[in-house]
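Step one of this worksheet: look at the structure below.
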There are 2 protein chains.
Amino acid sequence: MTPDQPASAVTPLVTRMTLAQQIREALVVRIVSGEIQPGERLVETRLAAMYGTSQAPVREALRELEAMRMVETRPRRGTFVRHFVQQTLRESYVVRAALEETATRLAMLAGTVPLDALRREVKAMRAAARTDDAVAAARASVAFHRHIVDAARNELLKLSWEALQIEARTSVTMVAAEVKLKDIARDHAELLKSIEDGDLETACKHARDHQWHYADLPHDAHGRARRTSRQVS
Amino acid sequence: MTPDQPASAVTPLVTRMTLAQQIREALVVRIVSGEIQPGERLVETRLAAMYGTSQAPVREALRELEAMRMVETRPRRGTFVRHFVQQTLRESYVVRAALEETATRLAMLAGTVPLDALRREVKAMRAAARTDDAVAAARASVAFHRHIVDAARNELLKLSWEALQIEARTSVTMVAAEVKLKDIARDHAELLKSIEDGDLETACKHARDHQWHYADLPHDAHGRARRTSRQVS
DNA sequence: GTGTAACCGATTATCGATAGTCGGTGGAGG
DNA sequence: CCTCCACCGACTATCGATAATCGGTTACAC
């Protein structure tokens, strides 16, 4: 019975995103998909024309991408897509390891580990391995780790972790490193087991090694394999 | 607060910074100094008038502050200074612990720990303790940890760590006000010692506990005592 | 009184236009 | 041939104006 809602027929409640946010999303997709190459320059006016907006929202979107470290801006120079090559990838695994080890510790100490959810994700990984569905496996893996990070109940930790753009990177790695999906499921199952066992230090170390392991995998086409000096403890 | 009245007549010379950056700096100072209270709203147009610019640079500055987590922006609502209270402070220590433990591990594995520099900072802390100079002690402490993070040679780790600094910096000072400066020097000296000794796991654990210790200290005026559930040691 | 819808003032999001800066270019000087 | 420098075209940083929204408030029918 409320006939009004002035003339503008539809403003779908869901589309409450600002233009800047929409543009950011679009650019993220184009960058991770490789449509826009690393090193390429993003010209504000050109993008504005392309998306049919003015320069302002584009500029804001670029700023957000910069905060995500997907692009680099030199004042008065322009903004460029970063080469986040294997180096960065490797680095990100080490940082993830640090954060996830701590998340594991916090969650176990607080007794908030969502074991059921974790078991569910492992199950999903096994299913993905059977159907050879890398995307599904990646999604389950990210979900697994996110559950742990959430369980730590530390907002700042969560933010830092999310800032690493986990999803974008894992899928890239899995493809690039050609990890056997079955191994992924197995690794996570082992990690889960040590958490279930309740041995804090062992589980934490396991959480850390889990990521350091990936940092050691060959990420690039040149396939330099190295698993050496690291042997932690 | 101070109405119209361009904050500074001109910032004439070697202004290699963009207006947005200058505004950001100014706002950071006003926020950490408490001139702008937590929860307070930052009105773009008002700030623009105050600094004698248009809305655009102000907007950009606010975005950057948001990335730093000093303010919070609700689309179409406005941006507000965050109450980064003890909760966040405590959280930041835990995240720092995670990153610094890993930094210690990486630096020791790579053999890049700048022992001399670390010794120098400890010495500075002792001097600060003697003259009861909390600011100097805080500065030396930050420098000490930064040396380690730098030595890890992991750009992403460094970035994540620096991102914490805004909050951490203020908190260090606050805590320093309550912690005996001599204890700070002693704690760092002990950490340094375990690094010099070369025992990787002990040093890492020490690095972690070093920060968790601060997380447990009472940070607020209400002096809520620490949680005891942490049998991490 | 109570709940609802249109109205209002304040403020953000976006636009279109302009000023200034940056890197590159081609000719003059050596 | 190589270097230096004023000039040019392309873009970013910034401006001033406008469109759209939001929260609160008021008028009005029950």
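Worth knowing before you read on, the calculation uses all heavy atoms, side chains too, and leaves out hydrogens, waters and symmetry mates. Chain naming here is simple, since letters A, B, ... match the order of the sequence lines and numbering starts at 1 in each. Just so you know, these numbers come straight off a predicted model, no measurement behind them.
- Closest heavy-atom contact between B:Gly39 and B:Phe80: O-CD2, 3.7 Å.
- Minimum heavy-atom separation, A:Trp161 to A:Val142: CH2-O, 4.1 Å.
- We find that CD of A:Glu66 is positioned 10 Å from P of D:dA13, with the value rounded to whole Å.
- Here the side chain of B:Arg77 is nearest to one of C:dT11, D:dG23, D:dT12, namely D:dG23.
- The interatomic distance linking A:Leu42 (CG) with D:dA13 (C1') rounds to 17 Å, in whole Å.
- The nucleotide whose nearest atom lies closest to any side-chain atom of B:Leu19 is, among D:dT12, C:dT11, D:dT14, D:dT14.
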Atom pairs under 3.5 Å, N or O on each side, protein against nucleotides 16-20 of chain D: can you list them with distances?
none

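- Counting to the nearest Å, the P atom of C:dT14 and the CZ atom of A:Arg63 are 17 Å from each other.
- For A:Pro57, whose side chain is taken as the heavy atoms from C-beta onward, the closest listed nucleotide among C:dA13, D:dT12, C:dC15 is C:dC15.
- Side-chain atoms of A:His145 and A:Glu100 form a donor-acceptor pair, as typed in the model, at a separation below 3.5 Å.
- Residue B:Gln21 contributes atom CD, which lies 9 Å from atom P of D:dT14 at whole-angstrom precision.
- Per the geometry, CD belonging to B:Glu60 stands 13 Å off C1' belonging to D:dC15, to the nearest Å.
- Here the P atom of nucleotide C:dA13 and the CZ atom of A:Arg24 are 14 Å apart, to the nearest Å.
- Contact annotation for B:Leu62: no contact, since no heavy-atom pair falls under 4.0 Å across all strands.
- Nearest heavy-atom pair across A:Asp133 and A:Ala136 is OD1-N, 3.0 Å.
- What you find for A:Glu44 and A:Val58 is that their closest heavy atoms are O-CG1, 3.8 Å.
- The minimum heavy-atom distance linking A:Ala128 with A:Leu181 is given by the pair O-CD1, 3.9 Å.
- Nucleic acid contact class of A:Leu47 (heavy atoms, under 4.0 Å, all strands): none.
- Summarising the geometry, the separation between CD1 on A:Ile23 and C1' on C:dA13 is reported as 12 Å, rounded to the nearest angstrom.
- Among C:dT14, D:dC11, D:dC15, the nucleotide with an atom closest to any side-chain atom of A:Arg46 is D:dC11.
- A straight line from CZ of A:Arg59 to P of C:dA13 spans 16 Å, rounded to a whole angstrom.
- Counting any heavy atom pair closer than 4.0 Å across all strands shown, A:Arg41 reaches sugar-phosphate atoms only and no base atom.
- Between A:Arg82 and A:Arg69, the closest heavy-atom pair is CD-O, 3.3 Å.
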